[in-house]
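Scroll down for the structure; my scribbles are underneath it.
Proteins get letters first, then strands, A, B, ... in listed order; numbering begins at 1 in each. Bear in mind the structure is a predicted one, so any value in this text is a computation, not a measurement.
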Protein chains: 2
Amino acid sequence: MKPETDARITDTRKKILDLAEALMLSRGFNAFSYQHISAELGVRNAAIHYHFPKKSDLGVALIERYCRRFERFTQAQAELSPGEQLEQYFELADRYFGQQQICPSGILSAELQTLPEDMQRQTQAFVALMRGWAEDIVRRGRDAGVMHYPGSAEGMGDVVFAAMQGALQLARFDQQALQSVKLQIRQLLGCQ
Amino acid sequence: MKPETDARITDTRKKILDLAEALMLSRGFNAFSYQHISAELGVRNAAIHYHFPKKSDLGVALIERYCRRFERFTQAQAELSPGEQLEQYFELADRYFGQQQICPSGILSAELQTLPEDMQRQTQAFVALMRGWAEDIVRRGRDAGVMHYPGSAEGMGDVVFAAMQGALQLARFDQQALQSVKLQIRQLLGCQ
DNA sequence: GCGACTCTACTTACTGGTCAGTAAGGTGTC
DNA sequence: GACACCTTACTGACCAGTAAGTAGAGTCGC
């Protein structure tokens with residue numbers, strides 16, 4: 001039985017993924033090594049290679065987990081109003097910021113050209129998922145009459161998504177930047 | 001006479017900076033090596049070290065050049081209307097996109113935590129410069145009565161800057177994303 | 001106008017460190 | 001005894017950075 005399809009995912013495997021995720025969001029995929037993980041975990045380097053033979057296997061598993069997590073997140077959100085969904089999006093960003101991290105799509109798109117091909121494809125799918133979600137929020141917000149903005153829902157969704165991604169990067173220099181962008185997006189959407 | 005203060009900057013030195021710039025904007029600062037540059041330039045690795053002893057020296061010189069270039073850009077722009085300034089900003093982004101690059105502040109902030117300290121400081125100054133400029137455009141646009149938006153000029157400037165930075169990263173997956181964001185920003189600002 | 005000197009802009013040759021990745025062996029559990 | 005989950009021990013590639021040497025162009029005293 002492959003670990004990927006096994007319900008009881010190895011403890012070590014999960015710890016590796018968690019550590020790799022934190023490292024990727026703070027340092028980037030290229031800038032962390034198996035050493036970083038194994039040292040923190042108290043195992044040898046080759047133990048990581050046992051679970052993820054190539055670094056790209058680890059990267060792909062990381063993005064796949066993001067996609068699954070995101071799917072669950074949006075399903076759990078389905079009952080919420082567009083305004084509440086937006087606020088949950090903002091809280092997600094706050095959580096990244098609190099850990100001195102940026103959003104996964106931000107680091108992955110910045111490093112894109114140096115990533116292994118399978119990771120590039122996976123990233124593309126993940127970014128499309130998040131982009132579609134932002135678009136969905138502002139479209140349903142306008143349809144429900146609680147959000148008001150000129151132009152298309154596609155355009156507004158892209159601006160919200162791009163601005164939040166950029167804001168998390170800006171927030172590394174000025175912690176007020178994230179608050180500033182969130183507040184301005186609320187005002188541009190005419191909600192609250 | 002130091003090369004930095006000499007008007008006649010070495011040809012090789014300039015070529016190194018140009019190549020390093022292109023490499024940084026497409027691959028990132030950590031993901032290019034002196035080998036990449038020396039191979040392209042037809043010189044030996046140590047020749048690069050002659051002009052830039054440490055890689056961080058090259059990085060700092062790169063950002064310093066950005067600051068100087070940006071200063072000249074904004075000065076040349078001083079006579080233009082806010083609407084025209086915004087369009088020039090958009091054209092700048094188009095140029096990066098055309099070369100499969102992202103904006104310098106995007107890659108530098110994504111990699112920030114792995115950059116040498118002097119580069120981090122330099123980056124902070126550069127980002128502050130660009131942020132202030134975006135804020136200035138939308139403030140003067142509102143004052144002149146040609147741009148209309150809720151909230152503060154600080155907030156709107158941050159959204160425009162963050163959205164453009166994010167859009168260039170999104171555009172790596174979907175080339176329409178940049179157009180989409182530019183169009184939406186124009187509509188949010190109520191100009192054109 | 002010629003040798004001595006100096007400086008710039010490199011070269012060759014090297015070091016030590018880090019990296020991903022592999023092979024083969026060990027150990028405990030079912 | 002088969003398998004999951006590690007270990008030790010290693011390889012080869014790449015990396016930033018350094019030391020020492022050199023070719024050529026310009027400068028200086030004389």
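For B:His51 and C:dT8, the shortest distance from a side-chain N or O to OP1 or OP2 is not below 4.0 Å. For C:dC10, the OP1/OP2 oxygens have a side-chain nitrogen or oxygen of B:Thr12 closer than 4.0 Å.
Counting to the nearest Å, the P atom of C:dT8 and the CG atom of B:Asp11 are 17 Å from each other. Summarising the geometry, the separation between CG on B:Leu58 and P on D:dG17 is reported as 10 Å, rounded to the nearest angstrom.
Checked against ring pair (Phe, Tyr, Trp, His ring centres under 6.0 Å), A:Phe32 has the following partners two or more places apart in sequence or in another chain: A:Phe29. For B:Ser180, the side chain to side chain contact (heavy atoms under 4.5 Å, CB included) partners are A:Asp158, not counting sequence neighbours. Applying the side chain to side chain contact (heavy atoms under 4.5 Å, CB included) rule to B:Gln35 yields the partners B:Ser33, B:Asn45; only residues at least two apart in sequence or on another chain are considered. In this structure B:Gln85 satisfies the side chain to side chain contact (heavy atoms under 4.5 Å, CB included) test together with B:Gln77, B:Leu80, B:Ile137, B:Arg140, sequence neighbours excluded. Applying the ring pair (Phe, Tyr, Trp, His ring centres under 6.0 Å) test to A:Tyr149 and every residue at least two apart in sequence or in another chain returns nothing.
In this structure, the ring of A:Trp133 has its center no less than 6.0 angstrom from the ring center of A:Phe161.
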**OP:** Produce a footprint string for nucleotides 11-30 of chain C: one letter per nucleotide, 5' end first; B if the base is under 4.0 Å from any protein heavy atom, S if only the sugar-phosphate is, - if neither.
**Re:** BB------SSBB--------

Got a list of side-chain donor-acceptor pairs under 3.5 Å for residues 123-130 of chain A, not counting sequence neighbours?
residue: A:Thr123; atom: OG1; partner: A:Met119; partner atom: O; Å: 2.6
residue: A:Gln124; atom: NE2; partner: B:Phe173; partner atom: O; Å: 3.1

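For the segment residues 108-117 of chain A, the set of residues with a heavy atom within less than 4.0 Å of an atom of DNA chain C is empty.
Among pairs with a residue in residues 109-126 of chain A, those fulfilling salt bridge (charged side-chain N to carboxylate O under 4.0 Å, His left out) read A:Glu117-A:Arg121, at least two apart in sequence or across chains.
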